[in-house]
There are 2 protein chains.
Amino acid sequence: MPETPTPSSEENASQTVRALLRLREMILDGELSAGERISEPVVAELTGISRTPIRTALVRLQEEGLLEPIRSGGFRVRAFSLDEIRDAIEIRGTMEGLAARLAAERGVSSERLARLTACVDEIDAVLADDSGLSDTRFAAYVAGNARFHELLEQACDSDVLRRQLDRAKSLPFASPNGFLRVQAVAPDALNTLRIANAQHRALVEALSAREGSRAEALMREHARIAQRNLHATLANPGIKALIPGASLIVDS
Amino acid sequence: MPETPTPSSEENASQTVRALLRLREMILDGELSAGERISEPVVAELTGISRTPIRTALVRLQEEGLLEPIRSGGFRVRAFSLDEIRDAIEIRGTMEGLAARLAAERGVSSERLARLTACVDEIDAVLADDSGLSDTRFAAYVAGNARFHELLEQACDSDVLRRQLDRAKSLPFASPNGFLRVQAVAPDALNTLRIANAQHRALVEALSAREGSRAEALMREHARIAQRNLHATLANPGIKALIPGASLIVDS
DNA sequence: GTACGCCTGGATGTATACATAAAAAATATA
DNA sequence: TATATTTTTTATGTATACATCCAGGCGTAC
């Protein structure tokens, strides 16, 4: 009964990894609501995992920023104000800008440039047709977008920077894909996605020409798309649920 | 016997905190050398703390970046190449630049500006005398410098940014005080410290005038002092030991 | 002399027991 | 009825036991 019937990626993982994935899922899906104290025995009962691995998963999630420690012990689910989300996006843009600048200044190998170009081309191909944005096309865009940002991360060729970037992206609303579902429901969605990919293409150009300052500015501006989407969500709260981890957002 | 006779800050802390502090100390002091696998039973024996709190401290240190996981299990002490140190400093400068820009753009309260000004004044007072840089004067500079950077962190008034900044500063060589001892042994130490504080003062000016771009540029340039000190260390390996965590540095 | 395999020592990951301390509930009281 | 107080319940932090797995050494065979 406690066996996970899903043949997902959690098959042969350690208990700690399972606990981490499950807890993150519970937090982002709102099964554990913002501000709520997390009871280790309850989670242990719910997941069928003993307290020890759950405990280390909790520590990891605290470092990740999804949990905050309680003075008297234990953790609670972190709540995020709109200002904090704005700042998290700004941080991501700044870090991606840094990665882009360093990559441009230091030079990116032709293989990596080719992979980046191919990625941008693929996204353009997905967006080429003027007909409506179907679910499969949208999913393809999401995958392409994630891949592009991953390739940029690799292009800077720096482990310490990658670590910091990963951390900046770890909050769901700060991730490059965080607000895409919000963007997709806008009437001019296809257009804004094309503009975003134009920025991708411009970045590859800048990397190739070793234009560090331009590369940095581009990625900063690129992240502002998420800021716009955040504002769009404010104007139309009905679409708030499209944001991953929406239940963590609290108005301040 | 296993009682810590030092009345330090570790008195009434939890075992986990004690393990964290002790392990960090052991790593930075080179008691555990770079690349070495950390044996939990050995550390437990050495510290008189059971494996459980040590284990969570290890997880924290991994998130902090001082340890890296071993595929087959456990952790090893991370080794840092000069390139990685350079990047860590660059990241710190970029994040402090972001904090400065946001603080300037959003405005800093007059009380905070006053505290920043007072801090800069105090540092200038420490550096006023042209006589040699005594140990006590140097210690006063270190304290003032740490305080200034802490005040900047507060000035941006953003928890998410603070968290990310703390992380950027957590590597010893990336910290604002990381290379100060290297700087202090240079013949023109007093001068370079004065220049550094001039940058501090300029930042307060920029914050006060809400000049975001200038504030950002200043903190980026400010971090480059550490880069210069890093290069100075390369030219004169005899002073390498002045860097905290020197044993973690490996030439690549 | 070298390569292969087995075997022993030790380490990690996990579960669990227990003491302390906090939170919640229930009772008594103004 | 609201509040203060005591009691009960529950959670956390820590130590420890144990199974599995990895690493390294020793012996053997070629």
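For the numbers below, each heavy atom of this structure counts, side chains included, while hydrogens, waters and symmetry mates do not. Chain letters run A, B, ... following the sequence lines, proteins first and then strands; every chain starts at 1. A quick note: this is a predicted structure, and the numbers were derived from the prediction, not measured.
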**Asked** Which whole-number value in Å describes the distance from F75(B) CZ to dA11(C) P?
**Response** 16 Å
**Asked** Can you check whether P53(B)'s main-chain N or O pairs, donor with acceptor, with T56(B)'s side chain at less than 3.5 Å?
**Response** yes
**Atom pair distance, as rounded to whole Å: CD1 in I49(B) and P in dT16(D)** = 13 Å
**Message:** Assess whether a salt bridge exists between E122(A) and R147(A), defined as any Lys/Arg side-chain N lying under 4.0 Å from an Asp/Glu carboxylate O.
**Reply:** no
**Asked** Can you check the R37(B) CZ to dA23(D) P distance for me, whole Å?
**Response** 7 Å
**Request:** Could you tell me whether the side chain of E96(A) reaches within less than 4.5 Å of the side chain of H149(A), counting heavy atoms only?
**Result:** yes
**Prompt:** Is T56(A) touching bases, backbone alone, or none of the nucleic acid, heavy atoms closer than 4.0 Å?
**Reply:** nothing
**Request:** Kindly indicate whether the side chain of T52(B) and the base of dT16(D) share any N or O donor-acceptor pair separated by less than 3.5 Å?
**Result:** yes
**Item:** Length of the CD-P vector between E45(A) and dT10(D), whole Å
**Value:** 13 Å
**Spacing between E40(A) atom CD and dT14(C) atom C1', to the nearest angstrom** = 15 Å
**Request:** For dA23(D), take OP1 and OP2 only and decide whether either is under 4.0 Å from a side-chain N or O of S72(B).
**Result:** yes
**Prompt:** Any side-chain N or O of S50(B) under 4.0 Å from OP1/OP2 of dA15(D)?
**Reply:** yes
**Item:** For atom CZ of R51(B) and atom C1' of dG10(C), their distance in whole Å
**Value:** 11 Å
**Message:** Taking only side-chain N and O atoms of S39(B), does any of them lie within less than 4.0 angstrom of OP1 or OP2 on dG10(C)?
**Reply:** no
**Request:** Remember a base hit wins even if backbone is also touched, and classify I38(A) as base, sugar-phosphate or nothing at under 4.0 Å, heavy atoms.
**Result:** sugar-phosphate
**Asked** In terms of the nearest nucleotide of DNA chain C, which residue is placed more toward the 5' end: I70(A) or T16(A)?
**Response** T16(A)
**Asked** To the nearest angstrom, how far is R55(A) atom CZ from dA11(D) atom C1'?
**Response** 10 Å
**Prompt:** Quick check, are the ring centers of F179(A) and F173(A) under 6.0 angstrom apart?
**Reply:** no
**Prompt:** Taking atom P of dT20(C) as reference, at what distance in whole Å does atom CD of Q15(B) sit?
**Reply:** 14 Å
**Complete:** salt bridge (charged side-chain N to carboxylate O under 4.0 Å, His left out) test vs D87(A) passes for just one of R106(B), R163(B), R162(B), namely R106(B)
